[in-house]
Structures are given as structure tokens and as C-alpha cells.
Amino acid sequence: MLGSADLLTAFVLFAFVSSITPGPNNTMLLASGVNFGVRRSIPHALGISIGFMVMVLGVGFGLGQLFTAWPALYSILRYTGAVYLLYLAWKIATSGPISGDAAHTRKPLGFWGAAAFQWVNPKAWVMAVGAITTYTPAQGYVLNVIVIAALFALVNLPSVGIWVMFGSALRNFLQNPRWLMLFNVLMALLLVISLYPLLFVESAFS
């Protein structure tokens, strides 16, 4: 299973670094921590980790080959992802104040929305393809894909959770509506910038 202890260590390090570094998921979780706090952001974080685990399983069991055979499917997915990410950026940019009546009517991204987002997240695709092609031995392949997916989820959840907690820690500093608006606009702009690899970098399936 996973070949050797060295391979396992290398994979866990890859999973940690790729999970904790900035990307669309962590940008949204940081904003969610600021706007909604840790408790209300938990379904979002769980959706990312479990949704990504399902994605790794899909890539490991042949989804990548499907996109290789029909590149147009991946193109559709890329542009659908771009539209959805722009929508999420707009939602963040127009978020209301942390306290008051508006804070109770606003809703964070939920479990299913976060899980679905993994399929249109360019960084998630790079991570999933990298995990399967680099760290999954051919011997005992099916079991290794399952182990890789489960381990990635276990490493990913606390890693992305750090971004939620960091965002929650910033809440006291962003009670001023003007500063909160500037923060949310900045997070939205970072999400828009993250579209670059989605739209302009050559696809691994083309």
C-alpha cells in the first residue's frame, strides 16, 4: 500500500503543502471566517475536503481519461467554473456587515456548494491529477487510489481549517464596515485573479 514509507511521507507533505497554500478554496474560507465565524464555516470546510476526496477517486478511476478522449467536456467544465467563480466573487464583494440584522440573513457557502466547487476549481484539478499520477503505485492500484483519496481528505481538512480560524481571528479588526468592505473586495479580486490558470494556462487534458 503506497509502496514505501518514503513515498507515504512524500505524499503527505505534498497534500499538506498543496492544501494549505493560497488558492480559491482558502481565499473563500478566509472570507467566510471573517464574515460568518468558525462554526458557520464548518460545512464549507467539510464540503471542500470530502468533495475533493470524491474528485481524487474520480480521477483515479478514469475521469482523467474521459477528458483526454473528449477535450470539449473539459473546456465546458473550465468555462462553467469561471462563471461560477465570478458569481462567488460577486457574493463575497457584496457581503454585508458582520453584526446586525444583515449578518443573520446572509448565508455562507454550504457543504454541497463547496463540494461541487471542487470540480470547477483549477487548483483542485492540479492537486488531484498530481496525487494520482505521482504518488499512486500501479501495484494494488484500486486500494492505493482509495488510500490516497482518504489521506488527502484527512490532511486537507485541518489545513483549510487554519484559514477559517485566521479569518475568524480577523473579525474583531474588521468591525468597521468600511474596512470589512475593502477586505471582501480584496478577497473577491483574488478569486478573479485565480481565474488565470483556469482560462489561460494549457489544460493537462488537451
Side-chain angles (χ1 to χ4, degrees), residues 1-33 36-67 74 77-78 80-81 84-85 88 108-168 191 194 197-198 204-205:
M1 187 169 59
L2 286 185
S4 68
D6 289 341
L7 182 62
L8 176 61
T9 301
F11 168 71
V12 170
L13 181 61
F14 166 78
F16 172 72
V17 172
S18 57
S19 295
I20 205 168
T21 48
N25 279 326
N26 290 335
T27 299
M28 289 192 296
L29 285 174
L30 178 63
S32 186
F36 302 106
V38 173
R39 184 180 62 82
R40 295 182 69 192
S41 299
I42 289 174
H44 186 166
L46 287 171
I48 288 172
S49 296
I50 296 176
F52 182 70
M53 178 179 71
V54 173
M55 177 191 238
V56 173
L57 290 171
V59 172
F61 293 140
L63 190 58
Q65 285 78 5
L66 182 66
F67 286 140
Y74 187 67
L77 189 65
R78 291 170 76 182
T80 301
Y84 186 52
L85 198 145
L88 293 174
L109 187 65
F111 176 88
W112 293 109
F117 177 68
Q118 303 320 298
W119 297 89
V120 294
N121 178 1
K123 184 182 177 185
W125 278 105
V126 171
M127 292 163 60
V129 173
I132 294 300
T133 59
T134 306
Y135 298 100
T136 309
Q139 185 175 5
Y141 180 79
V142 172
L143 179 59
N144 280 321
V145 168
I146 295 171
V147 170
I148 284 284
L151 277 177
F152 221 136
L154 288 174
V155 174
N156 180 263
L157 184 58
S159 300
V160 300
I162 290 173
W163 287 82
V164 177
M165 290 186 287
F166 180 53
S168 182
L191 276 182
S194 73
L198 179 65
F205 302 108

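Since the structure is predicted, the reported quantities are computational estimates derived from the model, not experimental observations.
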Checklist entry - With sequence neighbours excluded, what pairs up with T27 under the side chain to side chain donor-acceptor pair (under 3.5 Å) test? => result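 Applying side chain to side chain donor-acceptor pair (under 3.5 Å) to T27 gives none.
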
Item to check | Test item: N26 side-chain N/O and S19 main-chain N/O as donor-acceptor pair under 3.5 Å | outcome: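 Checking the backbone N and O of S19 against the side chain of N26, a donor-acceptor pair under 3.5 Å is found.
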
Checklist entry - Any donor-acceptor pair under 3.5 Å linking the side chain of S18 with the backbone of A15? => result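 Indeed, once roles are kept as given, a pair shorter than 3.5 Å links the two residues.
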
Checklist entry - Can Q118 and N25 be counted as having a side-chain donor-acceptor contact under 3.5 angstrom? => result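 Note: Q118 and N25 side chains meet the donor-acceptor criterion.
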
Listed by chain and number, what are the side chain to side chain contact (heavy atoms under 4.5 Å, CB included) partners of [X], not counting sequence neighbours?
X    : result
V17  : L13, T21
A128 : F52, M55, V56, V59
S168 : V38, R171
V12  : L8, V155

Item to check | Verdict with reasoning, F111 to I42, per side chain to side chain contact (heavy atoms under 4.5 Å, CB included) | outcome: CA-CA 8 Å; F111 176 88; I42 289 174; over 6 Å; no

If I take atom [atom1] from residue [X] and atom [atom2] from residue [Y], how far apart are they, to the nearest 0.5 angstrom?
X    : Y    : atom1 : atom2 : value
I20  : I162 : CD1   : CD1   : 3.5 Å
T136 : I146 : OG1   : CD1   : 11.5 Å
T9   : F14  : OG1   : CZ    : 15.0 Å

Please give me the minimum heavy-atom distance between [X] and [Y], naming the atom from each residue.
X    : Y    : result
L154 : P158 : O-CD, 3.0 Å
V164 : S41  : CG1-CB, 3.7 Å
W119 : V54  : CZ2-CG1, 4.0 Å
I132 : G60  : CD1-CA, 3.7 Å
I148 : A131 : CG2-CB, 4.0 Å
R40  : P108 : O-CG, 3.3 Å

Checklist entry - Among pairs that include at least one residue of residues 43-53, which meet side chain to side chain donor-acceptor pair (under 3.5 Å), considering only residues two or more places apart or in two chains? => result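 Listed by first then second residue: S49-N156.
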
Next on the checklist: Which residue is it: F11, Y141, F152? I am looking for the one with a ring pair (Phe, Tyr, Trp, His ring centres under 6.0 Å) to Y135.
Outcome noted: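 Testing each of F11, Y141, F152 against Y135, the sole residue satisfying ring pair (Phe, Tyr, Trp, His ring centres under 6.0 Å) is F11.
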
Checklist entry - Should the ring pair Y84 and F117 be called parallel, tilted or perpendicular, given that the plane angle runs from 0 to 90° and is split at 30 and 60? => result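 Ring orientation of Y84 relative to F117: tilted.
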
